[in-house]
Amino acid sequence: MEEWSISQLQEMMGNGRITAKEIVQLYLDRIQQIDQSGPTLNSVLAVNPKALAIAEALDTERQTSGPRRPLHGIPILLKDNIESTDPLPTTTGSLALAQNFATQDSFVAERLRAAGAIILGKTNLSEWANFRSSRSSSGWSSAGGQVRNPYALDRNPCGSSSGSGVAVAANLCAAAIGTETDGSIVCPSHTNGIVGVKPTVGLIGRSGIVPISHSQDTAGPMARTVRDAAILLGILTGTDPRDNATVASANHSHSDYTQFLDKDGLNGARIGISRNFFGHNPYVDAVIEEAIETMRQAGATVVDPANIETKSEFGDSEFEVLLYEFKHDLNAYLATMPNTVPYRTLADLIAFNEANKESVMPYFAQEHFEAAQAKGPLSDKAYLEALAKSHRLSRDEGIDATLKAHQLDAIVAPTGGPAWPTDWVNGDHYGGASSSPAAVAGYPNVTVPAGYVFGLPVGISFIGGAWQEPTLLRLAYAFEQVTQVRQPPQFLPTLSFEL
């Protein structure tokens with residue numbers, strides 16, 4: 001079952017070679033054999049006890065009335081900050097939310113369920129989506145422990161959507177849903193050798209997702225191929241009555257993004273190279289240089305350099321915005337908690353963490369929580385000025401300016417550095433990343449496998465303006481088709497360091 005695509009699974013179910021129930025059982029068996037034992041990836045926090053029954057019902061529906069949409073009978077894993085009404089808590093990796101059982105589906109779960117997808121379970125993640133401490137270890141949570149990179153088990157899976165990235169890479173599901181505030185879809189996709197789509201903020205509804213920042217948060221697909229990611233993206237779009245940000249997407253969203261996939265999509269495209277994201281790792285740079293040459297040979301006009309000149313100028317303002325919005329948005333979310341969860345404010349969570357620090361904070365503390373708690377309301381001048389600065393520098397003078405100045409279809413950069421050894425003493429050390437401009441702007445970012453460094457995956461990012469997912473997916477698909485570099489992980493204990 002390694003590397004089965006959504007289209008392959010649909011074809012197999014359509015001609016009677018396999019049923020959705022059998023597919024679910026195969027994935028459940030593989031989760032038990034690889035994730036919970038064997039290499040022990042620790043990427044799946046909980047499996048849905050109703051998954052087999054749901055699959056059986058969908059098999060019956062297929063026989064009587066045919067499949068609903070391309071996800072009919074397809075098992076999908078959700079990051080565990082996304083609510084569903086399945087008998088699974090939404091913990092965001094925290095023991096404080098161990099009894100957070102949703103009474104209403106998130107918009108994402110609702111869309112998946114309506115399309116006939118099977119919510120197979122919930123994936124482990126960086127606790128509180130990696131917004132608790134400046135010294136955190138990506139992929140560690142008090143609810144689930146440490147997620148491990150399937151390419152080298154002692155390496156980090158990166159980003160808060162770490163479990164989703166690892167589960168997809170290790171073929172524990174057909175595809176998964178992650179969330180991103182800054183880097184949490186594209187980084188684990190890059191370090192685990194898969195495709196990640198961080199869409200324009202507002203393209204996918206966020207109701208029922210534990211928040212960090214309404215300015216930057218979004219869910220997005222994580223898959224082994226661009227086509228699978230495009231299929232999933234089309235299912236997830238739409239206006240969410242509980243998320244006003246989606247109103248703006250009404251004339252920009254599509255129910256089928258596969259229509260934009262073109263294996264010759266690089267021919268005639270103008271691709272700009274943001275050189276100011278290079279220079280962190282010579283091996284990564286070499287992979288991306290080869291990718292650039294591949295795009296040139298595929299008919300793209302390469303504009304080099306085409307730097308996002310402001311990329312280092314909004315870090316402080318971004319963090320200020322995140323602190324303010326985290327307190328505001330999380331307090332609003334906690335106010336809706338069921339009675340089984342006694343915590344109603346960020347202050348309550350800080351007290352919980354302190355009272356349970358041996359199990360919740362054995363390696364890193366909660367500086368971000370405490371800094372956010374000290375912030376005032378969203379009417380504060382400091383917040384409003386930081387938000388305006390972030391948008392101006394990331395949008396008008398950042399991505400938009402670069403695209404316009406060079407008449408580009410997309411900006412290209414290395415997604416990040418190779419996966420680092422997991423380090424609970426010092427925390428994460430990324431080695432370069434290009435996610436922030438698109439994250440702060442709320443613009444789309446698609447990462448695709450580009451190569452390997454000592455066996456560790458390296459991704460390349462295609463960054464565009466608002467609502468430019470069709471263009472980015474066309475370019476990413478064409479690049480994927482001409483390169484075909486993805487290799488399934490081998491679950492090595494550590495790296496061999498052989499070139």
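Quantities reported herein were computed from a predicted structural model and do not represent experimental measurements.
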Flag for Ser141-Asn124: side-chain donor and acceptor within less than 3.5 Å: yes
Lys375 charged N/C atom sitting above Tyr383 aromatic ring, 6.0 Å / 45°: no
Modelled atom types, side-chain donor and acceptor of Asn100 and Thr90, under 3.5 Å: no
Ring-ring centroid check Phe326 His368, cutoff 6.0 Å: no
Exam field: side chain Arg270 to backbone His406, donor-acceptor pair closer than 3.5 Å: yes
Side-chain donor/acceptor of Asp428 to backbone N/O of Cys158, under 3.5 Å: no
Test item: Leu473 and Leu233 side chains (from C-beta on) under 4.5 Å apart, heavy atoms: yes
Charged N-O contact under 4.0 Å between Arg275 and Glu289: yes
Salt bridge flag under 4.0 Å for residues Arg206 and Asp240: no
Donor-acceptor under 3.5 Å (Ser317 side chain, Phe314 main chain): yes
Side-chain donor or acceptor of Asp217 paired with backbone N/O of Ser213 under 3.5 Å: yes
Thr218 side chain to Glu180 side chain, donor-acceptor N/O pair below 3.5 angstrom: no
